[in-house]
Trainee: 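First, the structure itself, so that you have it in front of you.
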Amino acid sequence: MKRLAELKQAGHKAFVAYIMAGDGGIEKLGEQIQHLQERGVTAIEVGIPFSDPVADGPTIEAAGNRALAEGITLEKVLEEMQRFDFDVKVPLVIMTYLNPVIRFGAERFTQEAKKAGASGIIIPDLPFEHRQLIEPFAKQHELVLIQLVTLTTIESRLEEILKQAEGFVYAVTVTGITGSRDELAEEVGAFTRKVRDLSPVPVYAGFGISKESHVDMLRDDVDGFIVGSAIVQAFHEGRIEDVEPLIDAVTAPHSV
Amino acid sequence: MTRVKICGLMEEQHVKAASQADAIGFVFAPSRRRVSIERAQELSRLADNGVQRIGVFVNASYEEIDKAVKTVPLTMVQLHGDETDELIRRIEVPVIQAFSIRTPGDVEKLNSSIADYVLVDAPGTDYRGGSGHVFDWSLLENANLEHSRLILAGGLNKDNVQAAISQTNPFMVDVSSGVETDGRKDEVKIQQFILQAKGDSMERTQEKTIDPVGFFGRYGGQFVPETLMKAVKELEAAYEDAKNDDEFQKEYHHYLKEYVGREQPLTFAARMTEAWGGPKIYLKREDLNHTGAHKVNNAIGQALLAQRMGKRKIVAETGAGQHGVATATICALFDLDCVVFMGEEDIKRQQLNVFRMKLLGARVESVTKGSGTLKDAVNEALRYWVTNVEDTHYLIGSALGPHPFPTMVRDFQSVIGKETKRQILEKEGRLPNAIVACVGGGSNAIGMFHPFIEDASVRLIGAEAAGAGVDTDRHAATLTKGSEGVLHGAMMKILQDDAGQVQEAHSISAGLDYPGIGPEHAHLADNGRVTYEAITDDEALASVIEMSRLEGIIPALESAHAIAEAKKQAQSMTADEILVICVSGRGDKDMATYAEKLEGLS
């Protein structure tokens with residue numbers, strides 16, 4: 001996670017890829033991580049499938065349902081990650097809804113996630129107010145609990161959340177669920193600028209990012225981009241090379 | 001913190017009521033509380049994993065003890081006879097040895113015991129193993145004792161347990177007769193005893209874990225995506241404000257009276273009373289509300305609140321379609337924009353309600369995901385709300401979802417219980433002995449129960465849907481079979497698999513076909529104030545016929561679950577007792593199902 005701050009210091013933009021663990025079979029997980037790190041992504045979010053993903057749009061929900069049909073569970077993903085026999089070169093962040101964590105046990109989850117090589121956790125339905133359910137265990141096992149802020153986060157809460165932010169801040173760039181969009185709203189730039197001014201850690205834009213035009217629009221207002229649905233769908237359809245221009249557009253040195 | 005053991009458990013509801021205890025005890029020795037090993041095994045399954053299972057024996061053989069340890073399984077053994085040290089050493093789990101205390105000399109014996117724990121009790125009178133009498137605790141006060149292995153028993157009850165703890169500082173307190181009424185365990189007393197024994201420290205532990213606002217015990221909260229937090233917080237503030245505003249309350253009650261047609265009668269059911277041969281049966285007639293069920297009570301309240309917040313667009317989910325119809329109705333009345341998400345499966349079985357919603361000007365969105373029922377409709381409504389949160393209010397239909405929804409929906413539905421209480425006092429001059437209501441998410445039940453929660457003499461029973469049977473995989477019996485989890489914004493009880501994936505519920509009744517139960521019900525189940533029983537599809541259908549023919553009232557399928565459970569309750573009640581059933585809705589919407597399932601009815 002320190003690497004993310006260094007990257008920001010050096011003036012480079014981060015590209016965080018989201019994948020659905022077990023979409024296409026659990027053995028695909030290692031392959032996908034290796035592929036993405038070789039293609040130069042900065043960090044990878046490993047998504048855990050959930051039966052009721054209310055923050056997700058149709059693409060990620062469908063990927064989650066495919067993974068569930070393969071019998072994927074949080075436990076299986078963590079076990080698989082512990083078996084990786086290749087060198088993991090980028091930070092891995094587990095992204096999961098809260099219920100599988102509660103069922104698995106919060107303390108056990110953080111312990112096993114650490115063993116699995118994870119650096120952080122994102123739980124979209126665990127608001128800042130209830131972070132005590134997980135955060136003490138995360139700290140104990142040196143995992144950062146990544147916070148989300150959105151266009152609707154009110155000012156006073158935004159400051160509270162950012163004050164305690166670790167790793168990076170996930171700035172949600174749409175009022176809505178995950179999934180590709182043609183265009184982002186005009187006010188997004190002002191929002192990410194505000195977040196970036198207040199945040200002690202890098203600020204990455206996510207939800208709806210799927211095109212180079214989105215990257216161009218926000219490049220100067222964020223420290224990086226999170227791309228989910230576009231990558232999940234590309235892996236599913238066996239055309240991950242289609243996403244490579246987007247990775248390059250973010251990570252390539254950019255003339256000012 | 002002193003631990004609590006509830007001993008001599010024989011019935012399911014008492015094991016559940018003891019869920020906040022640290023240990024439960026089963027008596028295998030001759031006693032009126034004796035249970036078989038098989039029975040203890042059944043009861044033990046209902047307790048949480050962290051709870052110690054302790055078996056009580058008097059001069060049993062090693063083989064007998066060992067069999068119980070392995071079968072139930074027991075995590076501790078408690079011995080009340082003249083067991084030898086050799087036997088104690090052979091037992092594989094920790095052993096508690098019991099001693100009767102009469103004199104200071106008896107106290108000395110405690111220190112020579114090789115058991116892991118020593119239990120002190122007053123001398124038994126009827127049988128060995130505890131008399132329920134208090135011994136002189138002061139005997140222990142100055143004795144040279146290891147308090148970390150001391151278990152205190154004998155005559156404890158909710159009124160003396162705190163004094164006993166402060167005087168003797170034991171590892172655990174053990175109670176049996178002190179939580180009984182007329183020789184039978186009493187859920188309310190069990191819960192009161194645990195609360196007293198643990199005192200404020202239990203509350204403090206919970207507060208430490210999570211912010212207490214919006215929680216019922218450990219259930220509730222606001223587990224929603226960040227995008228919704230603003231809306232949820234705004235709603236919390238707006239409701240708090242409206243609740244205490246006389247004008248708002250006046251307007252709400254104006255519509256209940258002039259538009260819904262309240263108050264609804266509490267009808268004496270003479271023929272059901274006669275047919276069941278037990279208590280006097282009264283029916284709370286929510287079926288007479290405009291739109292046909294209790295749902296409209298809540299829809300009016302929330303629609304008024306939405307307008308107060310400046311929101312003129314409403315999204316709602318619906319299962320049976322009653323909430324959708326109520327919402328569409330109110331949106332027509334107040335000229336609000338209305339979209340209702342409804343599972344594909346429910347659209348098929350509740351076509352009449354789909355047409356009613358459309359006629360009222362609402363947009364009905366079919367949800368094809370998952371099982372195409374209520375859970376999936378809630379998911380889609382939440383996604384819609386996330387996307388349109390700035391100008392849209394989510395008018396949730398049950399006592400579910402993130403805080404403040406469970407509290408707010410309960411308050412709007414409490415008109416049911418408040419009227420019932422006033423009416424029964426007018427008619428009978430006393431409170432009923434028992435009240436039964438059906439629970440899916442739980443809104444009619446919590447509205448009926450809430451005004452009676454403090455009245456310990458009134459037994460409250462929730463009837464949930466057992467579908468094809470609780471031992472099949474086709475049911476919606478969340479409290480009988482569910483476990484703690486987070487769904488749709490709240491920590492509650494849900495049906496889930498070992499990996500935390502929410503399972504599909506099944507019930508013939510679309511309104512009960514939901515794999516979760518509201519947080520307040522989950523809490524009331526844990527503390528034992530409300531008992532929850534499961535009713536199968538077939539039992540509910542039989543009750544539809546019975547009530548239709550005895551009283552000329554065709555109930556909704558949901559309400560039929562309450563009627564079926566009431567009939568069971570009536571069997572153990574007497575003619576001088578009173579039983580109230582909440583008839584949450586009428587059966588018009590279920591005619592297609594009735595026609596199909598009851599074909600050939602003569």
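All values reported here derive from a predicted model rather than from experimental measurement. Lettering follows sequence order; numbering is per chain, from 1.
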Trainee: Using non-hydrogen atoms and a 4.5 Å limit, figure out which bit of A:L68 sits close to chain B: side chain, backbone, both or neither.
Mentor: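 For A:L68, side-chain heavy atoms alone lie under 4.5 Å from chain B.
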Trainee: Report, as yes or no, whether the 6.0 Å neighbourhood of atom CD on A:E237 holds more than 12 heavy atoms from other residues, nucleotides or ligands.
Mentor: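 Counting other residues, nucleotides and ligands, CD of A:E237 exceeds 12 neighbours.
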Trainee: Out of A:A55, A:P127, A:P49, which one racks up the most heavy-atom pairs below 4.5 Å with chain B?
Mentor: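 If we count pairs closer than 4.5 Å to chain B, A:P127 comes out on top.
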Trainee: Quick one: which of B:D376, B:D498, B:L228 has the most heavy-atom pairs under 4.5 Å with chain A, could you say?
Mentor: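 Winner by heavy-atom pair count: B:D498.
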Trainee: Below 4.5 Å, heavy-atom pairs only: which of B:K369, B:Q501, B:Q222 has the largest tally toward chain A?
Mentor: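 Result: the option with the highest number of such pairs is B:Q501.
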Trainee: Under the salt bridge (charged side-chain N to carboxylate O under 4.0 Å, His left out) criterion, do B:R363 and B:D337 qualify, and how do the steps go?
Mentor: CA-CA 9 Å; B:R363 198 170 96 223; B:D337 189 61; 5.3 Å; no
Trainee: Around atom CD of A:E159, are there more than 12 heavy atoms of other residues, nucleotides or ligands at under 6.0 Å?
Mentor: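 Atom CD in A:E159 is packed in, count exceeds 12.
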Trainee: Report which part of A:V101 has an atom under 4.5 Å of a heavy atom belonging to chain B: side chain, backbone, both, or neither.
Mentor: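 It is neither, since no heavy atom gets under 4.5 Å.
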Trainee: Of the backbone (N, CA, C, O) and the side chain (C-beta and beyond), which part of A:I161 lies under 4.5 Å from a heavy atom of chain B, both, or neither?
Mentor: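 Looking at A:I161, just its side chain touches chain B.
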Trainee: Under a 4.5 Å heavy-atom cut-off, does chain A meet the side chain of B:V224, its backbone, both or neither?
Mentor: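 Backbone only.
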Trainee: Using heavy-atom distances under 4.5 Å, tell me whether A:F50 contacts chain B through its side chain, its backbone, both, or neither.
Mentor: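 When you check distances to chain B, atoms from both the backbone and side chain of A:F50 fall under 4.5 Å.
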Trainee: Counting only heavy atoms closer than 4.5 Å, note whether A:I154 contacts chain B via side chain, backbone, both or neither.
Mentor: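 Just its side chain gets close to chain B.
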Trainee: Compare all side-chain heavy atoms of A:R66 with those of A:H236 and state whether any distance is below 4.5 angstrom.
Mentor: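 Sidechains of A:H236 and A:R66: in contact.
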Trainee: Does B:S483 form a side chain to side chain donor-acceptor pair (under 3.5 Å) with A:R103? I'd like the steps, not just the answer.
Mentor: CA-CA 9 Å; B:S483 53; A:R103 190 70 173 161; 3.0 Å; yes
Trainee: Against chain B, label A:P53 side chain, backbone, both or neither, depending on which of its atoms sit under 4.5 Å from a heavy atom there.
Mentor: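 Both the backbone and the side chain of A:P53 come within 4.5 Å of chain B.
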Trainee: Look at the aromatic rings of A:H130 and B:F215 and report parallel, tilted or perpendicular, splitting at 30° and 60°.
Mentor: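 Rings of A:H130 and B:F215: perpendicular, as their planes differ by over 60°.
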Trainee: Using non-hydrogen atoms and a 4.5 Å limit, figure out which bit of A:E61 sits close to chain B: side chain, backbone, both or neither.
Mentor: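 Only the side chain of A:E61 comes within 4.5 Å of chain B.
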Trainee: Measure A:R157 against the heavy atoms of chain B and call it side chain, backbone, both or neither at under 4.5 Å.
Mentor: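 Contact with chain B involves the side chain of A:R157 alone.
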Trainee: Please check: side-chain N/O of B:Q503 versus main-chain N/O of B:P515, any donor-acceptor pairing under 3.5 Å?
Mentor: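 Looks like no, no N/O pair under 3.5 Å.
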Trainee: Under 4.5 Å from any heavy atom of chain B, what part of A:N65 do you find: side chain, backbone, both or neither?
Mentor: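 No part of A:N65 comes within 4.5 Å of chain B.
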Trainee: Given A:Y97 and A:D52, is the side chain to side chain donor-acceptor pair (under 3.5 Å) satisfied, shown in steps?
Mentor: CA-CA 9 Å; A:Y97 285 86; A:D52 297 84; over 6 Å; no
Trainee: Please classify the contact between B:E390 and chain A as side chain, backbone, both or neither, with a heavy-atom cut-off of under 4.5 Å.
Mentor: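 For B:E390, the side chain is the part near chain A, not the backbone.
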Trainee: side-chain contact (heavy atoms from CB on, under 4.5 Å) with A:L78: which of A:I48, A:T73, A:I94?
Mentor: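 Output: one option passes, namely A:I94.
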